[in-house]
Protein chains: 2
Amino acid sequence: MIKIRDLEYLDAIDTHRHFGRAAEACFVSQPTLSGQIMKLEEHLGLTLVERQTRKVMLTPAGEELVAEARKVLRAANNFEASAKALLDPFSGDLHIGLIPTLAPYLLPHIMKDLNDKLPNIKFYLHEDKTKNLLKSLDDGKLDLIILPWLEEMDKFDRYDLFEEPLVLATSKDHQLSLKEVVSLGELKDYEVLTLEDGHCLRDQALGFCFTAGAKEDHRFQATSLETLRYMVSSNMGITLLPQLATVNHHITNTINYIPFEDPKPNRQISLMLRSGYSRMQCIRAVVSSVKNSMKEVI
Amino acid sequence: MIKIRDLEYLDAIDTHRHFGRAAEACFVSQPTLSGQIMKLEEHLGLTLVERQTRKVMLTPAGEELVAEARKVLRAANNFEASAKALLDPFSGDLHIGLIPTLAPYLLPHIMKDLNDKLPNIKFYLHEDKTKNLLKSLDDGKLDLIILPWLEEMDKFDRYDLFEEPLVLATSKDHQLSLKEVVSLGELKDYEVLTLEDGHCLRDQALGFCFTAGAKEDHRFQATSLETLRYMVSSNMGITLLPQLATVNHHITNTINYIPFEDPKPNRQISLMLRSGYSRMQCIRAVVSSVKNSMKEVI
DNA sequence: TCTTGATCATAGCTAAACTCTATCAATAAT
DNA sequence: ATTATTGATAGAGTTTAGCTATGATCAAGA
């Protein structure tokens, strides 16, 4: 039977493409790792690693098997994590994924209480786009993700945290900037600045805009919310921003944030995890802490 | 780091609830298994096994961990199976799940060609109800399942094999028995014999009957298709049978099988597997063999 | 109550496997 | 041609899984 250690060696070889560094990463000597990899290859009857003098890489068979190997390693990590969680349900590591249009504005509100309520949990934060987060959650790199919920995520378990309204952002000089509130319908015939492709906020904002009869401003696409905000403050156009991104920011005096009338455009921020995830006690504590932190904010 | 062997021991302890027999199943001596389990418990800092003098069982922590352990073992098996498949894609074991209303009537048509085309594959056949098959497929006990496709299975990959019409089965003495073909509408106001709960054929047949205005005969529920057939032959009622179950059977002279006019009631027989399953070459060969075998039959 | 049998734990030993250090061989870079 | 890099090889040491033999415990039955 295969040994888990060998799979770690294979993983490391693929990661580092270098026997010496792979060995170092596994805290063993290079001959040890070389030997075990060779033994593994012999056991399987396959060549997994292509050794050129200055270049190491996996064969196609190796590529395929390292993917399987990582599944085993992940399952083994889950085993040990579950064991730890049984010793103390409120300890261990928690890898949290968040999208870029949420993370920097949400985290300041929730991390303090999380650290207070779960002092023995070590939180690792990963920022990425929705698609990648879902993939990472699915194959076990992440324990949970926090993002705007969409229909297609129904294969995962869902815990709603809060609803975040979108607000209209205009420069102080814009003709809409004097209004106290605005309705979606008033955006008709305006052009709206957007984020670049791949941000789910882009798709959601565009959805609301199209319904309202507004169009996308095709001249620019912003790479981040902060760029987008800067473009608005420079009077290059208007846009929809999530409300959390409008709290306590640093260019208040050149931008107006105008709330929408009902029905407000908003996004449902939810915590998603794999169904069958084992550390539910911990998750419940996270959900309750985040909800608690956010009810004062939004 | 955990060793796979230890997880096998834990699995065996849970399966056999007896150190001696578990050890035997793992082909090691009882002290070896005892020792390794103790070492595992010490490593994790948890008691996994409750040892009473005449009874061995897992603690709640053990129960939880053995579930995780089995995931690791399954991943490890997949690793080795993938490696084997790389050596020869058309060799190894293939665990196939089928439902009871299909297996005995389908297998005689497809197994010969499968064995001819894939002589180095060892086929294991598992007969169970749809719900259990899906569970087993999901957690890796089965490589593929063959069953009537239903909407809710869309999380798995699907390969359609053939459509199987349902036919009306009546005794020779029944008033419908003289017809060459029959329409669903003609079943209106008849009562139809059914299989017991849990068979998907029951739900499908009832669906067609209700649409047609027919009712369920509540006096009996058959435990198998053969019982059902026997009840029909004894003139206790009529029923819908899948067409494959009417080919070459042994009570022909007391039952009439009457095909339906279009639109025929039928079931879509499909092969389902986990998305991302690694042995696709082999699967494609299976699909092609089965389709080939069945195009002459149905 | 005593005996018996079943069952898991312990002790001590063996053999295999993993790992280490030291060194070699091959080759790319200068 | 020389040097540096890098993976493979050799040989020794240490760890550990595994075995057999035996002990300890306790339920069942006489």
Short side-chain N/O contact to C:dA9 OP1/OP2 from B:S34, under 4.0 Å: yes
d(NZ, A:K39; C1', D:dT9) in whole Å: 14 Å
Euclidean distance, A:L10 CG relative to A:D14 CG, rounded to 0.5 Å: 7.0 Å
Whole-Å distance separating the CD atom of B:E24 from the C1' atom of C:dC8: 16 Å
Distance test, side-chain N/O of A:Y9 to OP1/OP2 of C:dC18, below 4.0 Å: no
B:V56 side-chain proximity, nearest of D:dG7, C:dA9, C:dC8: C:dC8
A:E8 with A:R5: basic N within carboxylate O range, under 4.0 Å: yes
Presence of B:S29 side-chain N/O under 4.0 Å of D:dG18 phosphate oxygens OP1/OP2: no
B:H18 side-chain N/O to C:dA6 phosphate OP1/OP2 under 4.0 Å: no
Between C:dC8 (C1') and B:I13 (CD1): distance, integer Å: 10 Å
Euclidean distance, atom CZ of residue A:R21 to atom C1' of D:dG7 [Å, nearest integer]: 13 Å
Whole-Å distance separating the CZ atom of A:R5 from the C1' atom of D:dA17: 17 Å
Whole-Å distance separating the CG atom of A:L33 from the C1' atom of D:dT6: 13 Å
B:K3 side-chain N/O to D:dT16 phosphate OP1/OP2 under 4.0 Å: no
Under-4.0 Å side-chain N/O to phosphate OP1/OP2 contact, B:Q30 with C:dC8: no
Any donor-acceptor pair under 3.5 Å from B:R74 side chain to B:K141 backbone: no
A:T32 side-chain N/O to C:dC20 phosphate OP1/OP2 under 4.0 Å: yes
Distance, rounded to the nearest Å, where A:M38 contributes CE and D:dT9 contributes P: 5 Å
Donor-acceptor pair, side chain of A:T59 and main chain of A:L48, under 3.5 angstrom: yes
Aromatic ring pairing B:H126/B:H95, orientation class (parallel under 30°, perpendicular over 60°, tilted between): tilted
Whole angstrom value for the distance that separates P of C:dA28 from CZ of A:R51: 17 Å
